[in-house]
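Values below: all heavy atoms of this structure, side chains included; hydrogens, waters and symmetry mates excluded. Predicted model only: the values in this text are computed from it and were never measured.
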2 protein chains.
Amino acid sequence: MGKTNDAVTLADVARAAGVSIATASKALNGKTVVREATRRHVEEVARSLAFTPNPFARALNSSITGTIGVLTADLANRFVVPILLGVEDAFGADSTSVILTDARNDSIRESHQLRTLMAKRVDGIVVLGDSDTSRPSITDQVTVPVAYAFAASQDPEDSSFTTDNSQGTDLAIDHLVSRGRRRIVAISGDPTFSAAVERLTGATQAMQRHGLQLVGGENLYGDWSEDWGRQCVHALVEAGLHFDAIFCASDQIARGAIEQLRDENLRVPEDVAVVGYDNWELFSVHSRPPITTIDMNLQELGRAVARELIDAIKGQPHPGVHRVPVRLIPRASTTRL
Amino acid sequence: MGKTNDAVTLADVARAAGVSIATASKALNGKTVVREATRRHVEEVARSLAFTPNPFARALNSSITGTIGVLTADLANRFVVPILLGVEDAFGADSTSVILTDARNDSIRESHQLRTLMAKRVDGIVVLGDSDTSRPSITDQVTVPVAYAFAASQDPEDSSFTTDNSQGTDLAIDHLVSRGRRRIVAISGDPTFSAAVERLTGATQAMQRHGLQLVGGENLYGDWSEDWGRQCVHALVEAGLHFDAIFCASDQIARGAIEQLRDENLRVPEDVAVVGYDNWELFSVHSRPPITTIDMNLQELGRAVARELIDAIKGQPHPGVHRVPVRLIPRASTTRL
DNA sequence: TTGAAAGCGCTAACAT
DNA sequence: ATGTTAGCGCTTTCAA
């Protein structure tokens, strides 16, 4: 097979530059001391030959391979991709490459993927969950540093980055209160998710700080659907409750709520202001009116995890659960006043 | 740093098995002839030592690295992830690992990612587009086999896998006709996308095969939104046109159309049957009624591209644009009769 | 059928 | 400041 392989090796560069291989290596790596002139010259030659060091040769004797593995719980989940983008971005800047594997929410498959990653000698692993409910640690299955994203590890010795639901609810409630709303309802989602619980208790506490109480009680759990938002609003109105704002634990719920409010002849935001959560633009932007919501900064979360893994690989891990700050995106559903 | 590295090398296995390194290598690789008994023995020892060959050492002298690169145009695009899952799945089965990079729809960044992938010595590259509109070839930028997914390469010498819009429209129209519909409208999307054009001309031709013509003309282009679906239906009704079915070039359009039909007091599917496209379940399943639609089998498309790249790496490419078959998912929006 | 030896491309002592 | 020399872990002639 007459393959014309890349084949520009350090030896080629050294020969062309008239130095030894070792000198060429030193010149290019900037580690050891080399005369400035030779360095320049070698670099020049290397560039003109389009030399790229063979990462395999390098990895063979450096114990660092320049690749990390990402194990996603479920790539199809809409929270995963933004985080993955952040991870990819940060590692790209660090010029280490990202091997992607997906567990499809199957623990057998997950173990298999972990073995594959170890066999590939990755320097570290990012475990990317598909909800912010904590998950089992994998430290007993691997021998490299691990950082957890979105779903924290259940082992507090691990380094995890997850979203700050408590800050999110604070932002949401403060926003509503600052706009003069006092009679606030909080509609949460499926209580089997930490997010549902944390966002509802967070809202409750935020209200307390203002000396207020949630209208309609502190247990409006359901699921994450538009339907649940509609149902809930309908029931509240039926019950004759008065409220001037709703905090919803997801944009989907918020959208359902807004539609039902319209059906009940309540104006948004004039009569009832609505805040959502997630900033899922499909719902938050295209709702009528567009929904004020909490953006979890998932891409930034991804970058944070990547930075942590880079540190951990260098031997500087920061164990514990780190909460990545969120931000409020104001839109028309709360604008007036 | 007292690192207890993986460190189980072939040498360890050989020593423990009482054979030479060369023999151990042969026994484990099954290439060369080794006595059956020794093979078994070596394999046994390797297993008991949990030996995994160092892929870097192997890659150093085999010219094949066991990694491929995926260059996505835009990971955030909803069509990309299903394809990526298929790709990942197929390469997992082939035990080659997938390095993920994302171009964020930026050609500068794309070139950069390609250089990175080449530097990592990938055996091949999958270029994953974010629409089915064809795109420039990258063959001049790389020296390994490339296969294109979703968006075909503009160079017919390349191997591309894209979706079969013409089969999709045939399925849709045939389905409607077989259900007794004759006065069929076709609403397409943004005409700057091949998909919009191909789906509308495909529908036109499918109608012709049945000796029928599209009601409302053959140029209902707009955008891919619910709004456009609504507007269009509204205009058709205003114009006093009679129709008993609508083929929409996307589920989003279909959902808008269905909602407007309801507002116009037309029943779906009794008065008007509706077929969508994409099987974006968020819209197709949760619409009322759920929408009959065309599923592009994107995951299968991903697998097909992966298989092609594997072949191409072996030196057996299949140049040209390959159309991956789609399928119709019948749901309530066309059920009656 | 098995083993000895040479090298893949690079880095890192050690010498010069 | 530069060059020489060993390897890293594996595959692959070539001999035995």
Could you please name the option among [options] that lies closest to any side-chain atom of [X]?
| X | options | result |
| --- | --- | --- |
| A:N61 | C:dT1, C:dG9, D:dC14 | C:dG9 |
| B:A22 | D:dG3, C:dG7, C:dG3 | C:dG3 |
| A:S20 | C:dG9, D:dG3, C:dG3 | D:dG3 |
| B:N29 | D:dT12, D:dG9, D:dT11 | D:dT11 |
| A:L10 | C:dA13, D:dA1, C:dC10 | C:dC10 |
| B:V19 | C:dT11, C:dG3, D:dT2 | C:dG3 |

query = Is B:S25 touching bases, backbone alone, or none of the nucleic acid, heavy atoms closer than 4.0 Å?
reply =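 Base contact - B:S25 has a heavy atom under 4.0 Å of at least one base atom.
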Taking only side-chain N and O atoms of [X], does any of them lie within less than 4.0 angstrom of OP1 or OP2 on [N]?
| X | N | result |
| --- | --- | --- |
| B:R35 | C:dT2 | yes |
| B:T38 | C:dT1 | no |
| B:R58 | D:dT11 | yes |

Are [X] and [Y] close enough for a salt bridge, meaning some N to O gap below 4.0 Å?
| X | Y | value |
| --- | --- | --- |
| A:E300 | A:R307 | yes |
| B:E110 | B:R115 | no |
| B:R109 | A:D89 | yes |

Over how many whole Å does the gap from [X] atom [atom1] to [N] atom [atom2] extend?
| X | N | atom1 | atom2 | value |
| --- | --- | --- | --- | --- |
| A:I21 | C:dG9 | CD1 | P | 10 Å |
| A:F56 | D:dG7 | CZ | C1' | 20 Å |
| A:H41 | D:dT2 | NE2 | C1' | 15 Å |
| B:L60 | C:dA6 | CG | P | 18 Å |
| B:R39 | C:dT2 | CZ | C1' | 13 Å |
| B:R15 | C:dA4 | CZ | P | 14 Å |
| B:D12 | D:dC10 | CG | C1' | 13 Å |
| A:N54 | D:dC8 | CG | C1' | 13 Å |

Ring geometry between B:F79 and B:F150 (parallel below 30°, tilted from 30 to 60°, perpendicular above 60°) =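 Rings of B:F150 and B:F79: tilted, 30 to 60°.
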ask   = Any idea how B:F56 and A:F56 line up, ring-wise: parallel (<30°), tilted (30 to 60°), or perpendicular (>60°)?
value =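 Taking A:F56 first and then B:F56, their aromatic rings sit tilted (interplane angle of 30° to 60°).
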task = Would you mind telling me which residue lines up with the more 5' stretch of DNA chain D, B:K26 or B:P53, judged by nearest nucleotide?
result =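 So the residue in question is B:P53.
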query = For B:A57 and B:E36, take the nucleotide of DNA chain C holding the closest heavy atom to each; which residue's nucleotide lies nearer the 5' end?
reply =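 In this pair, the answer is B:E36.
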